[in-house]
Participant: 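I have a structure here, written as structure tokens, and I will follow up with some questions on it.
All values reported here derive from a predicted model rather than from experimental measurement.
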Amino acid sequence: MIVKSVKPFLKWAGGKTQLISEIEKSLPELTIDTYIEPFVGSGAVLFWVLGAFTQLGKAVVNDINEDLINTYKTIQSAPKELISVLEILQKEYHSLENSDDNAKDEFDDKLLMCA
């Protein structure tokens, strides 16, 4: 089995990516069975815990931002479908590179209506 390092897929205000080494230093040597993350945000600490504690039994994540949680659920339950949709959107967006700003604004508006 190939194990890949997982990192946050987005930047998040208040993200902890740069604090991981400090967080790690402050933890006693222990084994974690269950990890609970009340404010997952970009998931920097979550992804570090998942990589560092390979015997983790359960991870529970939450956030007040419903769109963010729905994004994580979609990544978990339908990653191939999500990638297909994102590839279509990427091609459509890149086709607008030489277009005027109105076309790009219309694209952005269309994306917002889908959210």
Participant: If you measure from OG on S26 to CD on E22, what distance do you get to the nearest 0.5 Å?
Facilitator: 8.0 Å

Participant: How far apart are the C-alpha atoms of K58 and D33, what are their side-chain angles, what is the distance that settles it, and do they pass the side chain to side chain contact (heavy atoms under 4.5 Å, CB included) test?
Facilitator: CA-CA 7 Å; K58 183 177 181 180; D33 180 58; over 6 Å; no

Participant: Side chains of V49 and L56: closer than 4.5 Å at any heavy-atom pair?
Facilitator: yes

Participant: What residue pairs, at least two apart or across chains, pass ring-ring contact (aromatic ring centres under 6.0 Å, His included) with a residue in residues 10-35?
Facilitator: none

Participant: State, with a plain yes or no, whether a side-chain heavy atom of V40 is found less than 4.5 Å away from one of N62.
Facilitator: no

Participant: Might you point out which heavy atoms bring L46 and A59 nearest each other, and give the distance in Å?
Facilitator: CD1-CB, 4.2 Å

Participant: Within the supplied structure, the quantity of interest is the number of heavy atoms (other residues, nucleotides, ligands) at a distance under 6.0 Å from Q55 CD; does it exceed 12?
Facilitator: no

Participant: How long is the span from the CG atom in L89 to the NE2 atom in H94, to the nearest 0.5 Å?
Facilitator: 11.0 Å

Participant: Drop me the distance from T74's OG1 to I69's CD1, to the nearest 0.5 angstrom.
Facilitator: 11.0 Å

Participant: Roughly how far apart are N70 CG and D63 CG, rounded to 0.5 Å?
Facilitator: 11.5 Å

Participant: With sequence neighbours excluded, give me every ring-ring contact (aromatic ring centres under 6.0 Å, His included) pair touching residues 44-64.
Facilitator: W48-F53

Participant: Using a 6.0 Å cut-off, check whether atom CG of L27 has over 12 heavy atoms from anything other than its own residue.
Facilitator: yes

Participant: Under 4.5 Å between side-chain heavy atoms, hopping through other hydrophobics if needed: is there a path connecting I83 to Y93?
Facilitator: no

Participant: Please say yes or no: joined through hydrophobic side-chain contacts below 4.5 Å, possibly via intermediate residues, are L68 and L86 part of one cluster?
Facilitator: yes

Participant: Not counting sequence neighbours, which residues clear side chain to side chain contact (heavy atoms under 4.5 Å, CB included) with I36? List them please.
Facilitator: T34, V60

Participant: Taking atom CZ of F9 as the centre, report whether more than 12 heavy atoms of other residues, nucleotides or ligands fall under 6.0 Å from it.
Facilitator: yes

Participant: Please report the closest heavy-atom contact between G43 and P8, naming both atoms and the distance.
Facilitator: C-CG, 4.3 Å

Participant: Are I75 and V61 connected, step by step, through hydrophobic side chains (Ile, Leu, Val, Met, Phe, Trp, Tyr) whose heavy atoms are closer than 4.5 Å?
Facilitator: yes

Participant: Can you check whether G14's main-chain N or O pairs, donor with acceptor, with K16's side chain at less than 3.5 Å?
Facilitator: yes

Participant: Could you give the distance from CD (E87) to CG (L82), rounded to the nearest 0.5 Å?
Facilitator: 10.0 Å

Participant: Nearest 0.5 Å please: distance from the CD1 atom of I32 over to the CG atom of L50.
Facilitator: 10.0 Å

